[in-house]
Structure formats: structure tokens, C-alpha cells
Amino acid sequence: MRLSEDFLSQLKYRSDLSEIAANYMQLKRRGRNLVGLCPFHSEKTPSFNIYTENGSFYCFGCGTGGDVITFVMKMENLDYMEAVRFLAQRAGMSMPEDNFDDSSSRLRTRIFEANREAARFFHQKLNEECGKAALDYLHRRALSDRTIRHFGLGYSPNSRFALTNHLRQKGFTDAELIAANLVYQARSGKGVVDRFYDRVMFPIIDLRGNVIAFGGRILSDMKPKYLNTSDTLVFSKSNNLFSLNNAKNAGSKFLILCEGYMDVIALNQAGFTQAVATLGTALTEEQALLMKRYCEEVVICYDADEAGQKATARAIDILRRAGMPVRILTVPDGKDPDEFIRNHGDKGPAAFKNILENSGNDVDYRLFKLQSSYDLNIPQSKMSYLNEAVKIISSLDNAMERDIYCSKLSDITAVSKDSIKEQVDKQLRQKYRSRRRSEFSEITKKISARDDRINPQHQSNLRAATAEEKLIAYLLKNPDKLSFISSRLKTEDFVTDFNRKLYEYFFERIKSDLDPTLNISKDFTSDEQSQIYRIIHQDEALSSTTDAASEYIRTIKEERYKPTADDIKNASLDEMGGFLKNLRDKKQ
């Protein structure tokens, strides 16, 4: 679908980035701009900026930038056209009618449709004779028919072609089914076969109600026990959570993080609709940030076995770094939530509510687990326990919280609180020095541009690339100076290819009386957009005088036409004179 400049301009005018971003994060005003904790990476000091004058954003922590369309694309995991439709619907605007459609957007739509039809097929088979064993399994796990329908649970028949043949009859091509990861190419290379067979099927549904993937539990002894959809155009395991579509509407201030699908479904059936689970992977930073949008606290409810305890420790660290308060729910007797509720019969929900309400925070949990590993009656063992406990306490950001746990640790060990606090303060000083070194290293890396993947010529041409970026930023803030710049600088004068590409792009749009930044989210990749908005916003105090622009131009020409070391080494006196004359001419 082709979008006119007028349509996009009106769309952005009606889609205030500040208002939309406020639905996902907390923002505070700082001068003309708004700032907040970045939703795209974990941070404790706000580095995410919204620039209200031009409706763009840039995070100085992770380097992500864009406009309101980019923001919606990233937050809702949409492609460009889907984000435009999202904003148009929100703004009460009709999409332009056009027969042209983007191929990637069209494929995403077909994947959604194939997944929806596959979910219907699996649910239908669950209630047929071939699905009797699967349905019996779910009933043995005490799931009601109502719960089974609510989650759209199903069964993939014990055949390698059942779903393939069904979806072909519905008009789907093999290429579309492969893209959806519902089938894969047969080893013989001839035809495709079903990815899932003889499994209880769990549809994974996104926040807009689309079926985006599946998890399947095998009914035999074959491995793997659980099989999940691989990443596709519409699904990323690290960016989604099972049943978040239900949990976001639970009206709860906390989410219960479980290990698996059955735990989540059992808790939902028992009335705890705020339960979610990861999708066949350990908790990721992206999932932690996703949960942060919908709750104020996370209750970790993993299995009590060794694997579950390791996963709990890892999840605590990730959630804490995301700025989330954490509680740990330990199910008695090493049971998982599903088994615990079933074993308590009608009293299961009340019993689970009791242990939920009495769950302690992650610090108490870690200190308790740590204490169980040491004999505090042995001096050396007590010292080891204290050293490890001090590390835990020093990881806390809140000074009052640290003080409380210093007191608790003093009571447990009979060591003075002042001694413990002294060691905690020592740890804090070491962490501060380490953080400063890390920040200095990051600043040095940015100055040297050695990690600039978008403009790989940046590092070897620092002076030229810096002047090019400043000139581009100057042009975007002063588009009326295009003639002044173009009369003094040609596109071939640019030293780095990427900045030349940007200059040509903005030159043509300004020359055509078009908004230079209107189509950045459509015409550039996500990483390129971030680079552009870094250039635009990196120096808010950028001079807008023609003298400054002239200096940028002079620097670019100097760097573009200066002789190389080999040129100088091999040049004759006449050639050296030519070099100098050429350089003087270009500077004028």
C-alpha cells in the first residue's frame, strides 16, 4: 500500500509520541523534552529522551532512536505497515486504498492466518477419536473443558502430513507454511512434513489476540518432551510470554512467573490469571522489560529442583537489573504449582493463595538459601557466609533496604552491624569504581567509533565523519540553508559512504519541498534510523550559524582531498605543490 506524504504527515500529527509512549513507560519533563527509563534495555538512570518539537526519540544508553512509527514497531513487534495501521486506527483515520502491498507485510498476514487455521485444526482434532489420549491427559491434569476451550488447547495427529494437507486445502502454499514454522522441508528434499505430530498443542497468543506460535508436549517417551515454534516473522521466543494476553487484563499489580504452560493454565483455572511463562527458554532481558510494562512486581514461582533454583537465581538478577521488585514463591514439598493445586482438591486455590501472600522478597530468599550452605558455628564458614551475604546486600540500590538487611545479618551472625555496614560500603565503592571504568570505556569506544557498524568508515576518518554528521544535523535544523551548503559542497566531497547517502537523501527531500525526516522509518533500517537520530540529537547545543556550517564544510574538504601517507612518500616536489594547491582550492 503506497502512502502519500500528506497521509503520513497527518498520521504523525495525530499520533503524539509522548502520549503513546506514556502508555508503556513513565516519563518526566526535562525542559522541552521528556525523559524516562528506556523500554528497550535495562537501566537505572533515565537516558531515553522524547523530543516533543519533532516527535522523535533517542536513547543515549542503548543508542535506539526513531519516530512514533518506529516506537510502535518496536513496542508492539510490528512491521512498518502494521504499525501505520495501528496508529491510523488509533487516530480514527482510514488507510488509503491501493492494490499495492508490501511483500513482507503480506507474508506476515499469511503467517497469522495459517497459525489461526492451525489452532482451529488442532483444537478440532483434540475432540475427535484420534485426540482421545490427548484429551484424557488434559483431564487427568484436572483441566476442565472450559479451560481447554479458553486456552484453545489442541492435538496434532500422529501423522507427518495431517496439518500440511489441511492447510494446503485452505489455500496456503508450502513456502508460507515453512515461513510460519508449521512445516519443514523433508530430508529427501521432496515436499514438506508437519513440524508437530502426536503432541498436546498450546497456542501462543500475542497481546492483540493473534496466534503467533505453538508449544507442543509429546504424548510418548520421545524427545524432546516439549517442542516450540522457532523464531518467525511474527514470533520471537525472547520477546514474548505465554498467557500475557490474559495476565495483562487481570487487574493485578504483580505477575506470577512460572516455568511452563501447564503451571500457567492450572493457576488461571484456579483464579490466578496473572500467571505467565517463558517459551522454552530461560528468562531474557527483553521479557523482563515486557513484564515491567504490565506490573509493578514479579513473583517467581519456579520448581524447587536444582534446575529450578538455578533458573530462579538467574531470573532474580535479570528482573532486578530491569528495576523490578521480586518475590519468591516456594511451593511446599518441592511440588510445582499445577501439582500443588491438584493435590489440595477444592482447597487448592485457597492453599496457593496463602503461600502466595506469604512469599518473601528475593533478598530474604537469597540470604536463606545462602545460610543453608554454611555452618555458622564454624568461624571460617561464618566468614564465608558473611562475605557472600555482604555481596547480596551491596547489590541493593536503596540505602534504607541495605540498612535493614545489615541489621538482619547482624542478628543472625552476632557480628556488629557497623562492621557489616563497613564491608557493604567497601563493596559499594568497588562497584562505583568499576562502573566508572566501564562508563569511561564506553565513552572512549563511542568517541573512537570502533563499534560503528552502520558507518564502518567512521573510525578511520574520525575528523571527517564528525564534521559530516554535524553538517547533516545543521542542514536538518536549517533546511533553508540548502543552497548555501550545496553551492560550497558536492556530494562526492563526503568522505564516508553512509553520511554521503544521508546527505543525498535529505538534499533531495528538502529540494522537493518535502519534510526531510517524514519517511525515515520507512526508508531506512532500524539500525540506520538509530544512527540518524543519534546524529540529529547528539549535540543539542549545535551552532546554527553559517560560520559553523562553513567550518564543517572546510573540514570535510580538507579530509577528503588531503594526500595519503603513500602519496606524500612517493610524491615529487611538483606533485607536492599540486597537492597543496588542490587543497587550497577545495577549502575556498
Side-chain angles (χ1 to χ4, degrees), residues 1-25 39-40 48 50-59 64-116 176 179 205-212 232-236 239-240 245 290 293 476 502 505-506 508-509 512-533 536:
M1 183 177 292
R2 287 186 171 87
L3 303 174
S4 69
E5 298 276 330
D6 287 343
F7 173 82
L8 282 174
S9 181
Q10 188 65 220
L11 179 71
K12 289 191 177 182
Y13 176 76
R14 295 192 190 184
S15 304
D16 185 276
L17 175 58
S18 305
E19 183 181 327
I20 290 170
N23 293 319
Y24 301 91
M25 55 189 296
F40 306 121
F48 182 89
I50 290 180
Y51 299 89
T52 54
E53 62 183 20
N54 61 15
S56 66
F57 70 89
Y58 185 74
C59 175
T64 302
D67 60 10
V68 66
I69 298 176
T70 315
F71 184 84
V72 170
M73 288 172 66
K74 289 182 174 295
M75 296 303 293
E76 295 290 338
N77 191 30
L78 303 175
D79 68 12
Y80 178 80
M81 287 304 301
E82 288 171 334
V84 169
R85 290 190 184 96
F86 178 98
L87 289 171
Q89 183 177 13
R90 180 183 179 278
M93 295 175 63
S94 299
M95 292 290 290
E97 294 185 6
D98 195 312
N99 292 328
F100 175 81
D101 197 3
D102 180 84
S103 59
S104 175
S105 179
R106 192 164 59 243
L107 179 57
R108 285 172 62 93
T109 299
R110 290 297 283 168
I111 292 173
F112 283 133
E113 292 171 350
N115 282 336
R116 182 170 63 248
E176 290 169 341
I205 300 171
D206 70 11
L207 296 172
R208 294 174 302 283
N210 298 308
V211 180
I212 55 175
T232 68
L233 274 176
V234 305
F235 173 64
S236 169
N239 286 293
N240 289 279
N245 58 307
L290 181 60
R293 297 183 209 167
L476 292 176
L502 295 186
Y505 175 84
F506 294 127
E508 291 300 326
R509 290 193 62 83
S512 302
D513 291 324
L514 300 173
D515 181 342
T517 62
L518 183 66
N519 276 324
I520 288 177
S521 54
K522 177 173 72 71
D523 295 336
F524 293 91
T525 68
S526 177
D527 288 342
E528 287 174 339
Q529 290 176 56
S530 294
Q531 183 88 317
I532 292 168
Y533 285 102
I536 294 172

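Here the structure is a predicted model, which is why all the values come from computation and not from measurement.
Interatomic distance, CG of Asn240 versus CG of Leu290, reported as 7.0 Å (0.5 Å rounding). One finds the CG atom of Asp67 at 8.0 Å from the CG atom of Leu17 (value rounded to the nearest 0.5 Å). Atom CG of Asp515 and atom CG of Leu8 lie 10.0 Å apart (nearest 0.5 Å). Atom OG1 of residue Thr109 and atom CG of residue Asn210 lie 9.5 Å apart, to the nearest 0.5 angstrom. Interatomic distance, Glu176 CD to Ile111 CD1, rounded to the nearest 0.5 Å: 8.5 Å. Between Glu76 atom CD and Phe71 atom CZ the span is 9.0 Å, to the nearest 0.5 Å.
When all heavy atoms of Ser15 and Val68 are compared, the pair lying nearest together is O-CG2, 3.8 Å. Considering all non-hydrogen atoms of both residues, Ser530 and Gly65 come closest at OG-N, 3.0 Å. The shortest non-hydrogen separation linking Pro516 to Leu476 is CB-CD2, 3.7 Å. The two atoms that bring Phe7 and Ala88 nearest to each other are CZ-CB, 4.4 Å, heavy atoms only.
Residues Met25 and Arg293 fail the side-chain proximity criterion, which asks for heavy atoms closer than 4.5 Å. Residues Tyr533 and Ile520 meet the side-chain proximity criterion, which asks for heavy atoms closer than 4.5 Å. With a 4.5 Å cut-off on side-chain heavy atoms, Ile532 and Phe506 count as touching. Using a 4.5 Å heavy-atom cutoff, the side chains of Phe112 and Leu233 are not in contact. The shortest side-chain heavy-atom distance between Leu11 and Arg90 does not fall under the 4.5 Å cut-off. At a threshold of 4.5 Å between non-hydrogen side-chain atoms, the residues Pro39 and Lys74 do not count as touching.
Every residue meeting the ring-ring contact (aromatic ring centres under 6.0 Å, His included) condition with Phe48, not counting sequence neighbours, appears here in chain and number order: Phe57. Residues passing the ring-ring contact (aromatic ring centres under 6.0 Å, His included) test with Phe524 are Tyr505, sequence neighbours excluded.
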- Task: Decide yes or no on side chain to side chain contact (heavy atoms under 4.5 Å, CB included) for Phe86 and Ile69, but give the supporting numbers first.
- Result: CA-CA 9 Å; Phe86 178 98; Ile69 298 176; over 6 Å; no

- Task: Quick one: do Glu82 and Arg85 satisfy salt bridge (Lys or Arg N to Asp or Glu O under 4.0 Å)? Show the steps, please.
- Result: CA-CA 5 Å; Glu82 288 171 334; Arg85 290 190 184 96; over 6 Å; no

- Item | Ser56/Asn54 under side-chain hydrogen bond (donor to acceptor under 3.5 Å, both in side chains): CA gap, chis, key distance, verdict | CA-CA 6 Å; Ser56 66; Asn54 61 15; 2.7 Å; yes

- Item | Full working for side chain to side chain contact (heavy atoms under 4.5 Å, CB included) between Ser521 and Tyr80 | CA-CA 8 Å; Ser521 54; Tyr80 178 80; 3.4 Å; yes

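Checking each of Leu87, Asn77, Val84 against Val72 for a side chain to side chain contact (heavy atoms under 4.5 Å, CB included) leaves exactly one that passes, namely Leu87. Put simply, the residue from Met95, Met73, Arg108 that forms a side chain to side chain contact (heavy atoms under 4.5 Å, CB included) with Met81 is Met95.
Gln531 places no side-chain N or O within 3.5 Å of a backbone atom of Glu528 that could act as its donor or acceptor partner. Looking only at distances, no side-chain donor or acceptor of Ser512 sits under 3.5 Å from a matching main-chain atom of Arg509. At distances below 3.5 Å, at least one donor-acceptor pair connects side-chain atoms of Lys12 with backbone N or O atoms of Leu518. Checked by atom type and distance alone, the side chain of Asn519 never pairs as donor or acceptor with a backbone atom of Asp523 at under 3.5 Å. No donor-acceptor pair closer than 3.5 Å links the side chain of Ser236 to the backbone N or O of Thr232.
Annotation for Glu5: atom CD counts as buried by contact number, over 12 foreign heavy atoms lying within 6.0 Å.
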